[in-house]
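Treat the numbers as computed from the prediction; the structure is a model and nothing was measured. Just so it is clear: chains get the letters A, B, ... in the order the sequence lines come, proteins before strands, and each one is counted from 1.
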Protein chains: 2
Amino acid sequence: MIKTNRGFSESLEDYLEAIYVLGGQNVRSVDLANRLGVSRASVNKAVNSLIEKQLVEKERYGGIYLTAFGRATSQGVEKKHQILKHFLTDVLGVPEATANLEACGIEHIISADTAKRIEKLIEAKKKNDPR
Amino acid sequence: MIKTNRGFSESLEDYLEAIYVLGGQNVRSVDLANRLGVSRASVNKAVNSLIEKQLVEKERYGGIYLTAFGRATSQGVEKKHQILKHFLTDVLGVPEATANLEACGIEHIISADTAKRIEKLIEAKKKNDPR
DNA sequence: CCACAATGTTAGACTTGGCTAACAATCGGA
DNA sequence: TCCGATTGTTAGCCAAGTCTAACATTGTGG
């Protein structure tokens with residue numbers, strides 16, 4: 001309903017993040033499809049949207065490449081994912097599988113500022129209780 | 001992409017939560033529309049979906065009423081909202097407006113278990129730093 | 001080197017969740 | 001009481017994001 005987002009849909013952010021995780025260079029549609037659990041056709045459509053938004057580049061039948069813009073954007077999302085995952089597992093004690101799933105959703109919602117605050121909370125916790 | 005959800009769409013959960021917040025009895029479409037920033041027509045459609053799913057009841061041109069099931073469900077969502085809001089403001093120091101927005105998104109993603117863990121974290125923080 | 005498997009693309013359909021415009025019902029104050 | 005304003009409903013439209021099926025291209029093992 002209310003959009004917390006900074007310009008891209010959650011779905012497109014998922015695709016972008018996956019491209020980043022898969023190396024960001026010469027990424028194949030079929031690998032994206034497998035990782036995200038969608039059809040190759042859906043990947044094709046989504047990648048065309050990412051191209052329109054200048055987040056990736058690609059030639060017909062060729063591999064997918066992040067642009068500088070796309071790399072920066074996807075790194076931001078992935079960073080949030082890592083922070084959230086660590087928060088959920090290390091601070092809250094949520095099982096890893098659940099943590100990954102929930103991080104995957106929350107990463108599209110919170111601001112960079114909130115992410116930073118969570119990061120600090122993790123640091124503080126580490127100081128007081130360092131393993 | 002990956003569904004973390006327990007059966008209802010985020011959108012429907014938003015409607016349901018709003019109905020709860022507005023009293024859960026004899027709720028008017030126009031009030032829902034105003035609160036959620038959507039048209040009365042959209043509310044009408046959504047409420048019909050909620051009726052199908054047995055979450056609310058309503059007569060033609062009449063007010064909206066939560067069923068027992070709908071009340072339980074909406075209470076769960078609202079509870080998560082409150083926990084998240086307090087975590088964001090009291091523990092992290094996020095401004096209230098932002099906290100509400102982000103809580104509004106996260107509440108549809110996290111499990112009851114994770115919410116409970118966050119609640120405990122808030123309690124712990126209160127003990128160590130009670131105002 | 002070439003046929004078949006794997007991959008990429010396109011077209012068309014479906015669902016969800018919005019919108020506006022027009023119409024129907026209800027409500028409230030003069 | 002009744003007329004206009006408010007509210008609810010319906011119909012039709014749109015965009016996003018998914019799917020399958022069919023087709024095009026590419027790549028590769030005999």
Per side-chain contact (heavy atoms from CB on, under 4.5 Å), Glu78(B) is matched among Gln75(B), Gln82(B), Lys80(B) by Gln82(B)
Closest to the Tyr61(A) side chain: dG17(C), dT26(D), dT7(D)? dT26(D)
Starting from P on dA15(D), measure out to CG on Leu12(A) and report it in whole angstrom. 16 Å
What integer distance in Å separates Asn34(A):CG from dT7(C):C1'? 11 Å
Rounded to whole Å, please give me the gap between CG in Leu50(A) and P in dG17(D). 10 Å
I need the CG-C1' distance between Asn26(B) and dG8(D), as an integer number of Å. 14 Å
Please determine if Asp31(A) and Arg28(A) form a salt bridge, counting it only when a charged side-chain N lies under 4.0 Å from a carboxylate O. yes
Presence of salt bridge, Glu119(B) and Lys79(B), under 4.0 angstrom: yes
Quick check against the 3.5 Å criterion: does His108(A) have a side-chain atom that pairs as donor or acceptor with the backbone of Cys104(A)? yes
Of the listed nucleotides (dG17(C), dG17(D), dT9(D)), which one gets closest to any side-chain atom of Ser9(A)? dG17(D)
What integer distance in Å separates Asp31(A):CG from dT7(C):P? 8 Å
Find the distance Phe8(B):CZ to dG17(C):C1' and express it as a whole number of Å. 17 Å
Whole angstrom value for the distance that separates P of dA16(D) from CG of Asn48(A): 13 Å
Residues two or more places apart in sequence or in another chain: which of them pass salt bridge (charged side-chain N to carboxylate O under 4.0 Å, His left out) with Glu52(B)? none
Are Tyr65(B) and Tyr20(B), when compared by the centres of their aromatic rings, separated by less than 6.0 Å? no
Are Lys85(A) and Glu96(A) ion-paired here, with the side-chain N under 4.0 Å from a carboxylate O? yes
Does Asn44(B) place a side-chain N or O at less than 4.0 Å from the phosphate oxygens OP1/OP2 of dT9(D)? yes
Atom pairs under 3.5 Å, N or O on each side, protein against nucleotides 19-21 of chain C: can you list them with distances?
| residue | atom | partner | partner atom | Å |
| --- | --- | --- | --- | --- |
| dC19(C) | OP2 | Ser39(B) | N | 2.9 |
| dC19(C) | OP2 | Ser39(B) | OG | 3.1 |
| dC19(C) | OP2 | Ser42(B) | OG | 2.6 |

Within this structure, what is the CG-to-C1' distance between Asp14(A) and dA16(D), rounded to whole angstrom? 14 Å
Side-chain N or O of Arg60(A) less than 4.0 angstrom from OP1 or OP2 on dT10(C)? yes
Is there a side-chain contact between Ser49(B) and the phosphate of dT16(C), meaning an N or O under 4.0 Å from OP1 or OP2? no
